[in-house]
Protein chains: 2
Amino acid sequence: MEHRSKCPIASTLDLVGDRWTLLVLRNIFRGSRRYGEHLESPEGIATNILADRLALLEREGLIEKVAYQTRPLRHEYRLTRKGADLLPVLQTLATWSMKHVPDRWAPSERFMHSRPEDFLAQD
Amino acid sequence: MEHRSKCPIASTLDLVGDRWTLLVLRNIFRGSRRYGEHLESPEGIATNILADRLALLEREGLIEKVAYQTRPLRHEYRLTRKGADLLPVLQTLATWSMKHVPDRWAPSERFMHSRPEDFLAQD
DNA sequence: AATAGTTACTTGCACTTTGCAAGTTAGTGG
DNA sequence: CCACTAACTTGCAAAGTGCAAGTAACTATT
């Protein structure tokens with residue numbers, strides 16, 4: 001990973017500051033775990049972009065691939081602590097939008113009031 | 001402005017979710033007001049991108065152009081309430097980076113503890 | 001009056017990233 | 001052997017970005 005500067009804000013954006021990465025994370029917070037579930041999100045992410053971003057997030061340690069079945073072997077993507085810790089960023093983005101952009105969906109209470117730890121439980 | 005969906009998170013990112021817009025806002029929070037001051041930021045933004053983003057932020061009402069002198073007429077860019085309200089987003093991005101990215105600059109106490117209102121004072 | 005300096009952009013072009021459609025791979029089930 | 005499903009990969013056009021050079025509107029200097 002290459003950073004434009006040592007500014008902490010710029011460095012975070014170097015990682016997740018593009019058109020899709022934070023939305024992929026949002027999907028996971030909202031329950032998407034499998035590749036196909038991500039494709040159902042309302043914004044309509046392209047398959048190549050999704051594959052690229054999942055690989056990036058895994059390489060950077062924000063999500064991890066966990067097998068959910070063998071025969072055929074299939075994986076799902078889960079948040080690591082590093083990824084889950086971006087929850088406050090998504091919450092503040094949502095809060096801003098609710099105040100300044102008219103006619104948006106209301107985020108769930110559960111989403112707005114949860115903490116990163118809440119998304120780390122195993123099952 | 002076109003939105004990919006009515007998701008509040010996606011909608012905020014439609015506005016500021018590219019490689020530079022949030023860094024231009026960070027500059028303003030850190031005191032850059034004039035075009036030339038923005039060009040001094042450590043990431044080295046290109047002049048065309050900067051002009052484009054300042055125009056976008058003004059068009060969307062996050063910043064406004066205020067004359068700081070006549071003869072020759074010159075303007076500076078200041079945060080509106082809408083723009084200043086993105087401060088918590090920048091603060092959470094910085095907080096995440098300090099926890100998860102090694103060897104970053106420490107943001108100033110002033111920046112991390114300020115509130116949007118603090119950047120709206122006239123002078 | 002002509003020249004140089006300052007500030008704030010604009011333009012042109014190469015390069016990179018994104019978006020869309022179609023194709024591929026690895027497996028199961030019939 | 002064939003259809004089916006999930007998870008990608010590939011090709012290519014379009015949009016966005018990065019770099020260098022150029023322009024515009026003044027002011028200050030000689």
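Numbers restart at 1 for each chain; the letters A, B, ... are given by sequence-line order, proteins then strands. Quick caveat, the model's predicted, so the values are computed rather than measured.
- Looking only at distances, a side-chain donor or acceptor of A/D118 sits under 3.5 Å from a matching main-chain atom of A/R115.
- For the pair B/I49 CD1 and C/dC13 P, the computed distance is 17 Å after rounding to whole Å.
- Residue A/K65 has its side chain nearest to D/dC8 when only D/dC8, D/dC19, C/dG27 are considered.
- No engagement by B/R4 is indicated, since no non-hydrogen atom pair under 4.0 Å with the nucleic acid exists.
- Mapping B/H75 and B/N48 onto DNA chain C via the closest heavy atom, the residue that lands nearer the 5' end is B/H75.
- At the phosphate of D/dG16, neither OP1 nor OP2 sits under 4.0 Å from any side-chain N or O atom of B/W20.
- Between B/Y35 and C/dT10 there is no side-chain polar atom (N or O) within less than 4.0 angstrom of OP1 or OP2.
- Between the CG atom of A/D18 and the P atom of D/dG16 there is a distance of 14 Å, given to the nearest Å.
- Following rounding to the nearest Å, A/D52 (CG) and D/dT10 (P) show an atom-to-atom distance of 12 Å.
- For the pair B/L54 and A/L73, nearest-nucleotide mapping onto DNA chain C gives the more 5' position to B/L54.
- B/R104 and A/S11 share a side-chain donor-acceptor pair at under 3.5 Å.
- One interatomic measurement links the two molecules: CZ of B/R19 to P of C/dT17, which rounds to 8 Å at whole-angstrom precision.
- To the nearest 0.5 angstrom, A/R19 atom CZ is 12.0 Å from A/I45 atom CD1.
- Between the P atom of D/dC19 and the CD atom of B/E43 lies a distance of 13 Å, rounded to the nearest Å.
- Regarding A/H38, its NE2 atom lies at a distance of 15 Å from the P atom of D/dA6, rounded to whole Å.
- With B/R53 as the fixed residue, the side-chain contact (heavy atoms from CB on, under 4.5 Å) test singles out one of B/I63, B/N48, B/V24, B/L23: B/V24.
- A straight line from CD1 of B/I45 to P of D/dC19 spans 11 Å, rounded to a whole angstrom.
- B/E58 places its CD atom 14 Å from the C1' atom of C/dC9, with the value rounded to the nearest Å.
- In this model, the phosphate group of D/dA7 is approached by a side-chain N or O of A/Y68 to a distance below 4.0 Å at OP1 or OP2.
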A/Y68 and A/R33: CA distance, side-chain angles, deciding distance, side chain to side chain donor-acceptor pair (under 3.5 Å) verdict: CA-CA 10 Å; A/Y68 68 87; A/R33 299 192 153 185; over 6 Å; no
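- OP1 or OP2 of C/dA26 has not a single side-chain nitrogen or oxygen of A/R74 nearer than 4.0 Å.
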